[in-house]
Structures are given as C-alpha cells and as structure tokens.
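Residue numbers begin at 1 in each chain, while the letters A, B, ... track the order of the sequences. None of these values were measured; they are calculated from a predicted model.
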Amino acid sequence: MPELPEVENVRRGLAELVIGKTVKDIQILWSKIVVNPDEVFLDGLVDRQIIGVDRRGKYLLIRFDHDLTVVSHLRMEGKYEVDDQSAPVTKHTHVIFEMTDGTQLRYLDTRKFGRMQLIETGQEMTVAGLKTLGPEPTPATFDVHQFYQALQKHHKAIKPLLLDQKVVSGLGNIYVDETLWLSQIHPETPADLLTQAEVQKLHDDIITELQLAINSGGTTVNTFLNATGHAGAFQEMLHVYGKKGEPCERCQTPIEKIKVAQRGTHFCPHCQIRKEAR
DNA sequence: AGCTGCTCCTGGTCGC
DNA sequence: TGCGACCAGGAGCAGC
C-alpha cells in the first residue's frame, strides 16, 4: 500500500515523465474514482498543461496551468503509468489522460479505492482529507512538543493515532509497525501513557524511518511500482512487518501478529512491552 | 469531542 | 476441482 515514501517516489517519477505534457482528452472508465462530476473534470482539464507534481502527506497534487490542481490519493493500490496510446489498456485502468504527444497518463487501481478531484490551485484546504492533515514528518515541520501534546489528549492505543493523518501525516500500516518496533513501544499502549522521552524517540524514529524509506525508493509489497516502473528496495529493510514467527532482530523472540483497531499489527512481545493503565 | 464501526472493492486464501 | 466465505485495508463519514 502506498504510504508517504511510496507516494513521494511516485511524485518524482511523474514529475520526470509528465511535466510539460498537455491534455488532449480524458477517458473516465470508472466514474467513482473522480470526485467531481465527469463533465466538470473533463471540461476543466482538456487543453491544460501539466506544470508540476507536488505531494502533501499521501496526497499527490498534479499541477496544471490556469491554476488547476488534481488532488489524487492512491489509497491501497492506485498507481500511475505513462504509456504510448497504442499500449493495450488493462482491466484495472480507470482514468486515461490522453496527451497531445501521443502518450497517455493512466491511473490503475485494482480495488478502485483511490480518488482524484479537480480543484482550483490554492483551494487545497477545501478537500476533506487535506484540510485536517497533520504536519509532514520532517525536522522542519514535525514539532515534538505539539506531538506530545496531541498524544496526551488521547487515551486510545498509540497505533490508530499514528494512522490518523491529523496527528502526523504520511504513516500507514507498514511504517507504523516499523517505527513502533524501532521505538520499542507496544502498539496498544494508551497514547497518554507515553513519557516525553518515549515520544521524543518515536518522533525521531518516524522522521528517520520515512526519510530512509524515501531514499530506498519505497517499499514494494505485492506489486507496488513507482510511475517509472521501478520497484522499491525498502522491503528488505523491514524489521517486523510481514515477519510473523520470525525472530526479532534485537532479542530473537518470534514476532507476533495481532489485531489493533481492526488492523493487522506486527510487533515483538519481548522488546515492545505494553504499559497498563495507571 | 472522542471514538467505533461501516463503506468502498477485488484478488487471494482457506475449508469443505 | 469448484465454490463460497472471509480477509486485507486508507480515509471519509455516520452515529453514539
């Protein structure tokens, strides 16, 4: 599933492949992918040129001239491809941007969970998920004191809070499990029981882990490829995700898989000790 | 206001 | 072998 590092790699690939191209026509093959009415989306984008590709959290922001932006969220399995118009269209292709140069930017999504929406550039805050999005997990934007304050307000498990994009943006199921293992925090620990020192380490681990994953090209689980068709390498650096039954790298205790807030959760039962309510 | 549970989807896996 | 049941899960939303 694309999380921040994967989306960032898609962004870089797309920027390389589509900036400067102009839309000639658009085919919407599965209407629910596009939030706007089809005609609004088409009328707005035909004849527009792509001038940039930005990212905020897990959202891609494809910039067009005339102050237009397509906000695109890949959710579980969304991906972009740039193909020649003669390349066969596969059954999971849902939106096709036909370009004036004969290439096509195609959006593919096996589960059809992804969404894209046309907005006026600068109106990003009108998009539901973007208006409440938490800080980017970088040293310049992710403030540890605000993070601590946010966690103090909640008594529910730390894991679902990290998945909540309002607290910090960009983490998904894989990187939450990984960072909690790095910080030696049990995923079910109530957020307000974490000490300042633990929150500091968690904060630092989130930043370094996501940066490392971005630099590795992201994690390739199942079939994730970035827009240029390259697989990431970060899956080779995972410590707990998908490693149920394998020995923990720190203490050799077998990794366990449990459910936390309806999500498959991997952790080491020896070095991630659960705190009980006081 | 915080939290839970439901919804969207399809491919893969499991049991019979 | 075939088929149905069930699971995976990000985020938006309804409802308590």
Worksheet item: Considering heavy-atom distances to DNA chain C, does A:Arg111 or A:Ala128 have its closest nucleotide positioned more toward the 5' end?
Response: A:Arg111
Discussion item. Under 4.0 Å, counting only non-hydrogen atoms across every strand here, what does A:Lys131 touch: a base, just sugar-phosphate, or nothing?
Written reply: nothing
Worksheet, complete the sentence: Contacts satisfying salt bridge (charged side-chain N to carboxylate O under 4.0 Å, His left out) that involve residues 118-131 of chain A (not counting sequence neighbours) are A:Arg63-A:Glu124
Worksheet entry | End-to-end axis angle, where each axis spans five pairs of the helix from B:dG2-C:dC16 to B:dC16-C:dG2, to 10° | 50°
Fill in: Upstream residue (5' side of DNA chain B) when A:Lys32 and A:Ala261 are each assigned their closest nucleotide
A:Ala261
Item to complete: Could you pick out which residue, A:Leu161 or A:Arg263, lies toward the 5' side of DNA chain B when each is mapped onto its nearest nucleotide?
Response: A:Leu161
Worksheet item: Nearest to the side chain of A:Asn173 - B:dC8, B:dG2, C:dG10?
Response: C:dG10
Item to complete: Return the nearest nucleotide to the side chain of A:Met76; candidates are C:dG9, B:dT10, C:dG12.
Response: C:dG9
Discussion item. When you measure from the side chain of A:Lys32 to the backbone of A:Phe113, do you find a donor-acceptor pair of N or O atoms at a distance under 3.5 Å?
Written reply: no
Worksheet item: Where the side chain of A:Glu178 meets the backbone of A:His239, is there a donor-acceptor pair that is under 3.5 Å apart?
Response: yes
Fill in: Nucleotide B:dG11, atom C1' - distance to CD of A:Glu77 in whole Å
8 Å
Response to the item:
A:Asp65 meets the side-chain hydrogen bond (donor to acceptor under 3.5 Å, both in side chains) criterion, sequence neighbours left out, with A:Arg48
Discussion item. Could you measure the distance from the CG atom of A:Leu45 to the CG atom of A:Asp25? Nearest 0.5 Å is fine.
Written reply: 11.0 Å
Worksheet entry | Residues A:Arg56, A:Glu136: salt bridge by 4.0 Å N-O rule | yes
